[in-house]
Amino acid sequence: MSGTASAVRTPAVEVEGLHHHYGSREALAGISLEISRGEIFGLLGPNGGGKTTLFKILSTLMSATGGIVRVFGHDLVREPDAIRRHLGVVFQHPSLDSKLTVMENLQHHGHLYGLRGTALQTRAEALLERLDLDERAHDRVETLSGGLRRRVELAKALVHQPDLLLLDEPSTGLDPGARRDFTNYLGQLREQDGVTVVLTTHILDEAERCDRVGILHRGKLVALGTPDDLKARLGGDVVVVQAMNPHGLQVKLRERFGCEPALVDGSLRVERPRGHEFVREVVDAFPGEVQSVTFGKPTLEDVFIHLTGRRLWGEEANGGGAA
């Protein structure tokens, strides 16, 4: 096998048995996964689930307690500098200098990677044009909206032409329209430049747009696959029942229909084929006990609930900090 062919087949990211502890607390519990070149990969989970810890390790900001990480074949422990040359990073918190113009931010970042003169100027102008920022090139960052600033962050991270783009909660603070635009730009990067994208998120529609998703819960990778494959594992519609006495109705539904309703945040949730028929049967059987009932196709949050017994947002609220 030629060196070129071997490089093409090497995954962008390989993680084997990754562990990390903060004192006695285990933030990552033996995670293993591979991310292919040119893939848009999402790490979905609540705060406290392990996303931020894994992001910091992949971006070489910290070393893991144990396990192996390779990026384009380079070992994280032995070759961190080689890995950094491949990386573009967009952090959750802004890293732009708000007093500088858009172009000045890109130029200063390019200087850190040894870019100068015409090559840097040409590269920066091309990125700003692609991201519809060319008309704002000479505006100070402090005058831009949140959505425009995130696009500048993306342009800055790409100025040195990285092979792997790491994004930590990239849609934080963006309205739904700006979030969709930002996600569309990531798709363009993959299609036009072959950039591999790894992002952390707790936003469901952002995760839905990824090629594959890894769901993290309390430091463990509890599911891995395409969004459609993960949702298909539930095997039907998700029926949600609000009841006067949810505990009592939980028992009655189990006895009457042979199902296993999950009680989550005071609501009963049942995974059932042909959910609309089950809704009618429940209302007919217990008309005085059902307050409301809804059904719909599974979402990634339903997958999270199925795997953990907790809501994604509820878990985030009780996560005890970003891990």
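None of the values given here were measured: they were computed from a predicted structure.
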Problem - Separation between SG of C259 and CD of E271, rounded to the nearest 0.5 Å - result: 10.5 Å
Exercise for the section: Answer with yes or no whether the hydrophobic clustering places L263 together with V303; edges join I, L, V, M, F, W, Y residues whose side-chain heavy atoms lie under 4.5 Å apart. Expected result: no
Handout entry: Main-chain N/O of G50 paired to T53 side chain as donor or acceptor, under 3.5 Å
Key = no
Fill in the blank from the handout: Interatomic distance, CG@N105 vs CD@E153, rounded to 0.5 Å, equals 8.5 Å
Atom pairs and distances, side-chain donor-acceptor, residues 82-89, under 3.5 Å, sequence neighbours left out:
residue, atom, partner, partner atom, Å
R84, NE, T60, OG1, 2.8
R84, NH1, D81, OD1, 2.7
H86, ND1, D163, OD2, 2.6

Practice task
Name all pairs fulfilling the ring pair (Phe, Tyr, Trp, His ring centres under 6.0 Å) condition that reach into residues 139-164, sequence neighbours left out, sorted by first residue then second.
Solution key: H109-H160, Y113-H160
Fill in the blank from the handout: Under a side-chain separation threshold of 4.5 Å, the hydrophobic residues clustered together with L100 are none
Handout entry: Pairs touching residues 242-265 that satisfy ring pair (Phe, Tyr, Trp, His ring centres under 6.0 Å), sequence neighbours left out
Key = F257-F278
Exercise for the section: Hey, could you give me the OG1/CD distance between T308 and E301, rounded to the nearest 0.5 Å? Expected result: 9.0 Å
Handout entry: Side-chain (R151) to main-chain (D132) donor-acceptor, under 3.5 angstrom
Key = yes
Exercise for the section: Just grab all the salt bridge (Lys or Arg N to Asp or Glu O under 4.0 Å) pairs involving residues 92-110, residues at least two apart or on different chains. Expected result: K99-E142
Fill in the blank from the handout: One should read off an interatomic distance between L133 CG and L127 CG, to the nearest 0.5 angstrom, of 9.5 Å
Exercise for the section: Enumerate the residue pairs fulfilling salt bridge (Lys or Arg N to Asp or Glu O under 4.0 Å) with a member in residues 106-130, sequence neighbours excluded, ordered by first and then second residue. Expected result: R130-D193
Practice task
With rounding to the nearest 0.5 Å, note down the distance linking CG in L18 to OG1 in T65.
Solution key: 8.5 Å
Problem - Those residues that, when tested against R136, pass salt bridge (Lys or Arg N to Asp or Glu O under 4.0 Å) (two or more places apart) - result: D139
Handout entry: M244, CE atom: more than 12 neighbouring heavy atoms under 6.0 Å
Key = no
Practice task
Treat each ILVMFWY residue as a node, draw an edge where side-chain heavy atoms are under 4.5 Å apart, and state whether F55 and Y22 are in one component.
Solution key: yes
Practice task
Start with the C-alpha gap between V198 and I35, add the side-chain angles, then the distance that decides, and say whether side-chain contact (heavy atoms from CB on, under 4.5 Å) holds.
Solution key: CA-CA 8 Å; V198 179; I35 300 171; 3.7 Å; yes
Handout entry: Gap separating the CG atom of L186 from the CG atom of L199, nearest 0.5 angstrom
Key = 7.0 Å
Handout entry: Residue pairs fulfilling salt bridge (Lys or Arg N to Asp or Glu O under 4.0 Å) with at least one residue in residues 196-208, sequence neighbours excluded
Key = R179-D205, E208-K231
Problem - Residues that, via side-chain heavy atoms closer than 4.5 angstrom, fall in one hydrophobic cluster with V264 - result: I305
Practice task
Identify whether the distance between the nearest side-chain nitrogen and carboxylate oxygen of R190 and D211 falls below 4.0 Å.
Solution key: yes
Donor-acceptor list for residues 280-298 side chains, cut-off 3.5 Å, not counting sequence neighbours:
residue, atom, partner, partner atom, Å
E289, OE1, K252, NZ, 3.2
E289, OE2, K252, NZ, 2.9
K297, NZ, D237, OD1, 3.1

Fill in the blank from the handout: Across all chains, not counting sequence neighbours, the side chain to side chain contact (heavy atoms under 4.5 Å, CB included) partners of H19 are E26
Handout entry: Side-chain donor/acceptor of K51 to backbone N/O of L216, under 3.5 Å
Key = no
Completion exercise
Sequence neighbours excluded, the answer for salt bridge (Lys or Arg N to Asp or Glu O under 4.0 Å) partners of R212 is E39
